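Comments concern the structure below.
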Amino acid sequence: MANVRIKDLPQHVGEKVTISGWLYNKRTSGKLQFPIIRDGSGYLQCVVFKKEVSPETWDAADSVTQESSVRVTGTVRAEERAQGGVELGVESFEILGTAQDYPITPKEHGTAFLMDVRHLWLRSKNQHAILRIRNEVEKSIRDFFYDRDFVLIDSPILTANAAEGTSTLFETDYFGEKAFLSQSGQLYLEPAAASFGRVYCFGPTFRAEKSKTRRHLMEFWMVEPEVAFLEFDGLQELAEEFVEYIVGRAMDRCAEELKVLERDLTRLENVKRPFPRITYRDAIELLKSKGMPANFGDDIGGDEETVIANSFNAPVIITRYPAAIKAFYMQPAPEDESLALGMDMIAPEGYGEIIGGSQRIHDHDLLLKRIHEHGLPVDKFQWYLDTRKYGTFPHSGFGMGIERCVAWISGVPHLRETIPYPRMLNRIYP
RNA sequence: UCCGGCAUAGCUCAGUCGGUAGAGCAACGGACUGUUAAUCCGUGGGUCGUAGGUUCGAGUCCUACUGCCGGAGCCA
């Protein structure tokens, strides 16, 4: 008999089916047992009456332990008392693999312990819900760009040079030469934009910074669109449309998961265009008015971001930063060339910067000057300068961190739960 | 790298003034024919992170170290 997925059972009421999965929990009452099975698609209450089954089936259901794998056959029936509205009247119950002393119990645990057993923690209800939301976010990102005629350009992970010359990179050996794990695909996308007009990359990125906060991972996923002939205002519109779309998709298609996580949906319903936009100068004034120590020219730190985010209901776009505190490739603002046409999008509720983007310098000589000013090795950037040498064009792009986005949508406080196997300071196992 | 905190049963924790190690959950045994984190009765389970010091006596006080957690910086 073919397996049926638990989520499809309401369409099989009255039929005899076989379910394969793992024992989530079990409640017993003498000659009656209620094993709860999960199969990845849902949870199913099974009912085993001693007098209705063989001694072998009874013993199997009686002795089965939490998280053992099982195959159960029985008749589906509608039952109000069961979660999900259906239950399975068991005829046969078979243990495929016994789980001996499963470490995660239905009671509370600390995150240090849970991270040690991350490979098992993935089975838990909340983790399952978070990773399903991540799955939906990743699919909606691909749909968004595919539907708008963007071409996916997979950027290299092994690179010869530090993209922005700022962050600390993981170093590895490349047949006797130094190589680094990529911290951004952007520089590789700009030339590709001259081939397709609209491109994006989506993959893992690596930062060797010894960050120890809930907003940081050593290995995280980033999506980076890059658009030819798109200028600064259009870039902000693209970022807004993108974020509104992703949040909307998650609310549409992950309602069940958001409910499991007890996410306050009113916070997500506010994510509608246009988002509030303020300049860096306004942001500094706002911080001062809230009594924060902030001066023009300072970087906006985590605490400051949260204060700004809490002043608005939707994600906030901050624009026109001092060029001195931003990356070398950002286009100067036309009205004041000490400002850069860079934008950050700050998520609400203290989740921090989810998007960073800019219009790129397209003038060859200005870009060369900036490379010199930042002390970067010109020879390593020759290929990057070529985009400005052979038919240059104004262009813009941004990067969005997937984990921060998923953490915000899911309402989980720490990034480590939004990626299946987080790489953090002092943690590369499992 | 810097600042703060924590380390006791498989897990989450309590442990008073320094005087022979405790609870809940999990595991195991038993009772129970509609349970919803089922309930009830019982059993087993410990090198108190490591090393040193003070003391008649240290889980408890002191020192160092290790590990972990949270935050800062950096950033997405």
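Because the structure is predicted, anything quoted here is derived from the model rather than measured. Here is the naming used below: chain letters follow the sequence lines, and residue numbers restart at 1 for every chain.
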Where at least one partner belongs to residues 251-261 of chain A, residue pairs that pass side chain to side chain donor-acceptor pair (under 3.5 Å), sequence neighbours excluded:
none
Heavy atoms from C-beta onward define the side chain here; which of B:G70, B:A37, B:C74 lies closest to that of A:Arg214?
B:G70
Nearest-Å distance for atom pair [atom1]/[atom2], residues [X] and [N]:
| X | N | atom1 | atom2 | value |
| --- | --- | --- | --- | --- |
| A:Asp101 | B:A27 | CG | P | 8 Å |
| A:Glu67 | B:A27 | CD | P | 12 Å |
| A:Met115 | B:C69 | CE | P | 9 Å |
| A:His216 | B:G70 | NE2 | C1' | 14 Å |

Could you work out, with side-chain contact (heavy atoms from CB on, under 4.5 Å) as the rule, every residue matching [X], not counting sequence neighbours?
| X | value |
| --- | --- |
| A:Glu349 | A:Arg263, A:Arg267, A:Tyr351, A:Trp408 |
| A:Glu171 | A:Lys178, A:Phe180 |
| A:Asp116 | A:Arg427 |
| A:Lys380 | A:Asn161, A:Pro377 |

For RNA chain B, please output the secondary structure as dot-bracket, reading 5' to 3'. Pairs are Watson-Crick or G-U wobble, both atom distances under 3.5 Å; mark crossing pairs with [ ], other-strand partners with |, unpaired with a dot.
(((((((..((((.....[..)))).(((((.......))))).....(((((..]....))))))))))))....
Which residues in residues 351-361 of chain A have a heavy atom closer than 4.0 Å to any atom of RNA chain B?
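Output list: A:Glu353, A:Ile354, A:Ile355.
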Which parts of residues 237-249 of chain A get close to RNA chain B, meaning a heavy atom less than 4.0 angstrom away?
none
Distance test, side-chain N/O of A:Arg427 to OP1/OP2 of B:C68, below 4.0 Å
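No, outside the criterion.
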Provide a list of protein-nucleic acid N or O atom pairs under 3.5 angstrom, restricted to nucleotides 4-8 of chain B.
none

For the residue pair A:Leu238 and A:Phe144, establish whether any side-chain heavy-atom pair is separated by less than 4.5 Å.
yes
Can you tell me which residue pairs pass the ring-ring contact (aromatic ring centres under 6.0 Å, His included) test with a partner in residues 283-321 of chain A, sequence neighbours excluded?
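Applying ring-ring contact (aromatic ring centres under 6.0 Å, His included) to every pair that reaches into residues 283-321 of chain A, excluding sequence neighbours, yields A:Tyr280-A:Phe296, A:Tyr280-A:Tyr321.
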Is it the case that the side chains of A:Gln66 and A:Tyr24 hold a donor-acceptor pair, with the cut-off being a distance below 3.5 Å and no angle test?
no
Say we look at B:G59 and B:C41: how far apart would their C1' atoms be, to the nearest angstrom?
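Each nucleotide's C1' atom is 32 Å from the other's.
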Against the six-membered ring of A:Phe150, is A:Arg142 placed for a cation-pi contact (under 6.0 Å from the centre, within 45° of the normal)?
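The answer is no; the distance or angle limit is not met.
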Protein-nucleotides 11-15 of chain B N/O pairs closer than 3.5 Å?
from	atom 1	to	atom 2	distance (Å)
B:C11	O2'	A:Glu108	O	3.4
B:C11	O2'	A:His109	ND1	2.4
B:U12	OP1	A:Gly110	N	3.2
B:U12	O2'	A:Glu108	OE2	2.9

Between A:Thr279 (side chain only) and A:Arg320 (backbone N and O only), is there a donor and an acceptor less than 3.5 Å apart?
no
Which value, rounded to the nearest 0.5 Å, describes the distance between A:Tyr43 atom OH and A:Trp22 atom CH2?
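Answer for the OH-CH2 pair, A:Tyr43 versus A:Trp22, is 11.5 Å.
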How would nucleotides 28-36 of chain B be written as a contact map, 5' to 3', with B for base contact, S for sugar-phosphate-only contact and - for no contact, using protein heavy atoms under 4.0 Å?
----BBBBB
Member of A:Arg71, A:Glu91, A:Glu94 meeting the side chain to side chain contact (heavy atoms under 4.5 Å, CB included) criterion with A:Thr18
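When A:Arg71, A:Glu91, A:Glu94 are each tested with A:Thr18, the side chain to side chain contact (heavy atoms under 4.5 Å, CB included) holds only for A:Arg71.
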Between A:Arg134 and A:Glu138, does at least one N-O distance fall below 4.0 Å, as a salt bridge requires?
yes
Hey, mind stepping through A:Arg404 and A:Glu353 against salt bridge (charged side-chain N to carboxylate O under 4.0 Å, His left out) and telling me if it holds?
CA-CA 8 Å; A:Arg404 284 190 185 174; A:Glu353 183 186 335; 5.2 Å; no
